[in-house]
K.L.:
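This is the structure I want to talk about, given as structure tokens.
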Amino acid sequence: MKRLSTLSVGIALGVTLALLSMLCALTFALWPDATLDFFGAFSHGLDFGTIKSATPISPGRALYGIVGLGIVGLIAGVVYASIYNVVATGRR
């Protein structure tokens, strides 16, 4: 099997998660109740309205989450590709 580039997979997953985080922040800023209802459906009906923040999301806090999730995605992608390469090829 072909080996994966660990850095490429890490960057791809990091960018993907950062984009999803931006989309989530945007939809929450525009439609907070609908966004909470949508994610409640993913969580089998949990009511996220009870944990809704009383203050609107700030650009700084949104950026913090976007960058943080991008870094988590980068690390997760590198770990995933590394494990894949070991399992698929039987060597490091």
K.L.:
What pairs meet the salt bridge (charged side-chain N to carboxylate O under 4.0 Å, His left out) rule with one or both residues in residues 13-29, with sequence neighbours excluded?
P.N.:
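Sorted pair list comes back empty.
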K.L.:
According to a 4.5 Å side-chain heavy-atom criterion applied to Ile, Leu, Val, Met, Phe, Trp and Tyr, with indirect links allowed, do Ile11 and Leu20 form part of one hydrophobic cluster?
P.N.:
no
K.L.:
Can you sort out the partners of Ser82 under side chain to side chain donor-acceptor pair (under 3.5 Å), two or more places apart, ordered by chain and number?
P.N.:
none
K.L.:
Enumerate, atom names and distances included, each donor-acceptor pair closer than 3.5 Å involving a side-chain atom of residues 24-41, sequence neighbours excluded.
P.N.:
from, atom 1, to, atom 2, distance (Å)
Thr27, OG1, Leu23, O, 3.1
Thr27, OG1, Cys24, O, 2.9
Asp33, OD1, Lys52, NZ, 2.9
Thr35, OG1, Thr27, O, 3.1
Thr35, OG1, Trp31, O, 2.8

K.L.:
Quick one: side-chain contact (heavy atoms from CB on, under 4.5 Å) partners of Ile66, sequence neighbours excluded?
P.N.:
Ala18, Ser21, Met22
K.L.:
Would you mind reporting whether Leu13 and Tyr80 have side-chain heavy atoms less than 4.5 Å apart?
P.N.:
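They are not in contact (no side-chain heavy atoms under 4.5 Å apart), so the answer is no.
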K.L.:
Are Leu63 and Leu19 in one and the same hydrophobic cluster, where Ile, Leu, Val, Met, Phe, Trp and Tyr link if side-chain heavy atoms are under 4.5 Å apart?
P.N.:
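Not linked; separate clusters.
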K.L.:
Spell out, yes or no, whether Ile83 and Leu7 are grouped together once hydrophobic residues are joined by side-chain heavy atoms under 4.5 Å, including indirect joins.
P.N.:
no
K.L.:
So, Asn85 side chain and Arg3 main chain: donor-acceptor pair closer than 3.5 Å or not?
P.N.:
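No, because the side chain of Asn85 does not come within donor-acceptor range (under 3.5 Å) of the backbone of Arg3.
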K.L.:
Could you report the tightest heavy-atom contact between Gly73 and Leu17, atom names first, then the distance?
P.N.:
CA-CD1, 3.5 Å
K.L.:
Write out all pairs satisfying side chain to side chain donor-acceptor pair (under 3.5 Å) with one or both partners inside residues 4-20, taking only residues at least two apart or from two chains.
P.N.:
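Qualifying pairs, neighbours excluded: Ser5-Ser8.
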K.L.:
Is there a side-chain contact between Val78 and Val9 (heavy atoms, below 4.5 Å)?
P.N.:
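Not in contact.
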K.L.:
Once side-chain contact (heavy atoms from CB on, under 4.5 Å) is applied, do any residues pair with Ser58, and if so which ones, sequence neighbours excluded?
P.N.:
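Testing Ser58 for side-chain contact (heavy atoms from CB on, under 4.5 Å), a comparison that skips the adjacent residues, returns Arg61.
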